[in-house]
Amino acid sequence: MPKLVRTLALGLAICLAPAMHLAAQTERCDAACLETIANSYRAAYLAHDPKLAPFAQRVRYTENNVEMPFPDGTWDTVTEEVGPALTLSDPELGTVGIFTAIRQREVAGFLAVRLKVEGGRITEAEQIISTRRNLSSPPTPIGEVDDYVHDPVIGQAVRASEQAGRDALAAHANGYFDTLQRNNGEIRGTCFHEAATRRENGLLFADIGGGFRSGRYAFNNRVRREIVLVDEARQVAMARGFIDHKGVLDEYLLTDGTKAKSVFQEPQSWGFLEMFKVKDGCIAAVVATFYQAPYYQRSPWTEGADR
């Protein structure tokens, strides 16, 4: 009799396994679940031990838009997380975003991560790592990791009754990129709080709107981008993409008539992960991690034609 029970139990388990697997795959991880997984990812990364996080059997992994076996790249060399870590979550897409600062022994850097979580397990990990080594000439903004902070406004949750929808948050991010692309002083598709801040690789910039209205960024020929996360509770949109500089523009005039000279004298691109906090209908804070990429590099995550 016990043998028959065991046989029936085994048969039932085999029959139920596909349904259980399907349920696990379709189960949605809420914000708390996603952010717990994000913390475990950071711990595993720092310990060089994937067993410390719930990874799927197969993980697709890129670093600076190069696809490689998992784990590899800075998973083997990171020695310290300086932080602080900023974590974003999108339960609808099952996506996590992380912005933090790290060290690889003597080499300091800034790290941005996008994770895809399916059935409670990490199936995709996309990292952008920025150090002074991969930000060679022309001069590219990068700060000191020991001074790294995040504007407190980013982490502030917004009451559901005051939240902009997913499409509106994505539109602000795209408006920012449209303003940055072929910048001529016009603000396109978004607006900026007077006290809005931007941190590019940890370096603080103020008066974002003023910089755009000056036409200072006329050398940005093209901004290819994809929205990869919308954190509705925090009112944040996050994107991956590339800023392309053709290197054709040399001298030009700002909107006030001041002469300027482009630092980009040859074709070059920046690859990035970047997030935008929206408050009261305008962008209040921006955090970007980017590296110098080969001109017109494509992301292996991009399907079809780039924008």
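Only this structure's heavy atoms are used, side chains among them; waters, hydrogens and symmetry mates stay out.
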Should Trp301 and Ile128 be counted in the same cluster of Ile, Leu, Val, Met, Phe, Trp and Tyr side chains packed under 4.5 Å apart?
-> no
Would you please say whether a donor-acceptor pair under 3.5 Å links the side chains of Thr87 and Glu35?
-> no
Are Thr74 and Gln104 close enough, and set up right, to give a side-chain hydrogen bond (donor to acceptor under 3.5 Å, both in side chains), and what steps lead you there?
-> CA-CA 8 Å; Thr74 60; Gln104 301 168 81; 5.3 Å; no
Aromatic centroids of Trp270 and Phe264 separated by under 6.0 Å = yes
Answer with yes or no whether the side chains of Tyr176 and Arg198 bring together a donor and an acceptor at under 3.5 Å.
-> yes
Less than 4.5 Å apart, any side-chain heavy atom of Leu273 and any of Glu126?
-> yes
Are the side chain of Gln268 and the backbone N or O of Pro294 linked by a donor-acceptor pair below 3.5 Å?
-> no
Heavy atoms only: give me the nearest Leu169-Ala237 pair and the separation to one decimal.
-> O-CB, 3.6 Å
Polar side-chain atom of Tyr252 near backbone of Arg216 as donor-acceptor pair, under 3.5 Å = yes
If you measure from OG1 on Thr79 to CD on Glu106, what distance do you get to the nearest 0.5 Å?
-> 8.0 Å
Mind checking whether Leu204 and Thr197 have side chains closer than 4.5 Å, heavy atoms only?
-> yes
What do you reckon, are the aromatic ring centroids of Phe290 and Phe110 less than 6.0 Å apart?
-> no
Flag this pair as yes if the NZ/CZ of Arg224 is under 6.0 angstrom from the six-membered ring centre of Tyr296 and inside a 45 degree cone about the axis; otherwise no.
-> yes
For Asp256, look at atom CG and say whether over 12 heavy atoms of other residues, nucleotides or ligands are found less than 6.0 Å away.
-> yes
Any side-chain heavy atom of Glu274 sitting closer than 4.5 Å to one from Val286?
-> yes
Report yes if the distance between the aromatic ring centroids of Phe212 and Phe192 is under 6.0 Å, otherwise no.
-> yes
Heavy atoms of Cys191 and His172 approach each other most closely as N-ND1, 4.4 Å
Can you check whether Gln181's main-chain N or O pairs, donor with acceptor, with Arg188's side chain at less than 3.5 Å?
-> yes
Side chains of Asp244 and Ser269: is there a donor and an acceptor less than 3.5 Å apart?
-> yes
Would a 4.5 Å heavy-atom cut-off, applied to side chains only, mark Val113 and Val96 as touching?
-> no
Lys261, NZ: over 12 other non-hydrogen atoms inside 6.0 angstrom = yes
Would you sort out whether Cys33 and Ile37 count as a side chain to side chain contact (heavy atoms under 4.5 Å, CB included), showing the intermediate values?
-> CA-CA 6 Å; Cys33 166; Ile37 289 173; 4.1 Å; yes
Indicate yes or no for a side-chain donor-acceptor contact from Asp151 to the backbone of Ile154 under 3.5 Å, with no hydrogens or angles considered.
-> no
If you group Ile, Leu, Val, Met, Phe, Trp and Tyr by side-chain heavy-atom gaps below 4.5 Å, do Leu254 and Ile208 land in one group?
-> yes
Quick check: does any side chain N or O of Asp250 sit under 3.5 Å from a backbone N or O of Ser262, one acting as donor and the other as acceptor?
-> no
Going by distance alone, is a donor N or O of one side chain under 3.5 Å from an acceptor N or O of the other, for Glu118 and Thr123?
-> yes
Distance in Å, Leu249 CG paired with Arg182 CZ, rounded so as to fall on 0.5 Å steps = 13.0 Å
Co-membership, hydrophobic cluster, residues Leu93 and Met275, 4.5 Å side-chain | no
Considering all heavy atoms, the nearest Val59-Ala125 contact = CG1-N, 4.4 Å
Chi angles and distances behind the salt bridge (Lys or Arg N to Asp or Glu O under 4.0 Å) call for Asp90, Arg114 = CA-CA 11 Å; Asp90 183 342; Arg114 178 195 64 85; over 6 Å; no
Please step through ring pair (Phe, Tyr, Trp, His ring centres under 6.0 Å) for the pair Phe272 and Phe177, ending with a clear verdict.
-> CA-CA 12 Å; Phe272 63 79; Phe177 293 130; 5.3 Å; yes
Applying the 4.5 Å side-chain criterion to the ILVMFWY set and letting contacts propagate, would Leu52 and Trp75 be lumped into a single cluster?
-> no
Under the salt bridge (Lys or Arg N to Asp or Glu O under 4.0 Å) rule, what do Glu251 and Lys259 come out as? Steps first, then yes or no, please.
-> CA-CA 7 Å; Glu251 294 182 345; Lys259 290 183 179 180; over 6 Å; no
Shortest non-hydrogen pair, Glu63 vs Gln127, comes out as OE1-NE2, 2.9 Å
Ion pair present between Glu226 and Arg298, side-chain N to carboxylate O less than 4.0 angstrom?
-> no
So which heavy atom on Pro141 is nearest to which on Glu200, and how close?
-> CG-OE1, 3.1 Å
So His150 and Tyr148, would you call those rings parallel, tilted or perpendicular, with 30° and 60° as cut-offs?
-> perpendicular
Derivation of the side chain to side chain contact (heavy atoms under 4.5 Å, CB included) call for Val236 and Val278 | CA-CA 6 Å; Val236 170; Val278 176; over 6 Å; no
Looking only at side chains, do Asp76 and His48 share a donor and an acceptor under 3.5 Å apart?
-> no
Any side-chain heavy atom of Thr190 sitting closer than 4.5 Å to one from Cys282?
-> no
Pair Phe242 + Tyr291: ring centers closer than 6.0 Å | no
Between Asn183 (side chain) and Tyr217 (backbone), is there a donor-acceptor pair under 3.5 Å?
-> yes
Determine yes or no for a side-chain-to-main-chain donor-acceptor pair under 3.5 angstrom, with Lys277 supplying the side chain and Gln235 the backbone.
-> no
Chi angles and distances behind the salt bridge (Lys or Arg N to Asp or Glu O under 4.0 Å) call for Glu80, Arg103 | CA-CA 5 Å; Glu80 179 186 359; Arg103 282 194 177 90; 3.4 Å; yes
Under 3.5 Å donor-acceptor, Asn221 side chain and His245 backbone | no
Assess whether side chain to side chain contact (heavy atoms under 4.5 Å, CB included) is satisfied between Asn184 and Thr255, documenting all intermediate values.
-> CA-CA 7 Å; Asn184 64 1; Thr255 54; over 6 Å; no
Is there side-chain contact between Phe55 and Arg121, with heavy atoms separated by less than 4.5 Å?
-> no
His193 vs Asp280 side-chain heavy atoms within contact, under 4.5 Å = yes
Asn174 and Arg225: side-chain donor and acceptor closer than 3.5 Å?
-> yes
Verify same cluster id: Val107, Val82 (apolar side-chain graph, 4.5 Å) | no
Check: Thr179/Glu186 side-chain N/O donor and acceptor closer than 3.5 Å = no
Distance-minimising heavy-atom pair for Met238 and Gly97 | SD-CA, 3.8 Å
Side chains of Gln156 and Lys279: does their closest heavy-atom pair fall under 4.5 Å?
-> yes
Are the side chain of Asp231 and the backbone of Ser89 linked by a donor-acceptor contact shorter than 3.5 Å?
-> yes
Qualifying residues under salt bridge (Lys or Arg N to Asp or Glu O under 4.0 Å), relative to Arg60, sequence neighbours excluded = Glu67
When you measure from the side chain of Asn220 to the backbone N and O of Arg222, does any donor-acceptor pair fall under 3.5 Å?
-> no
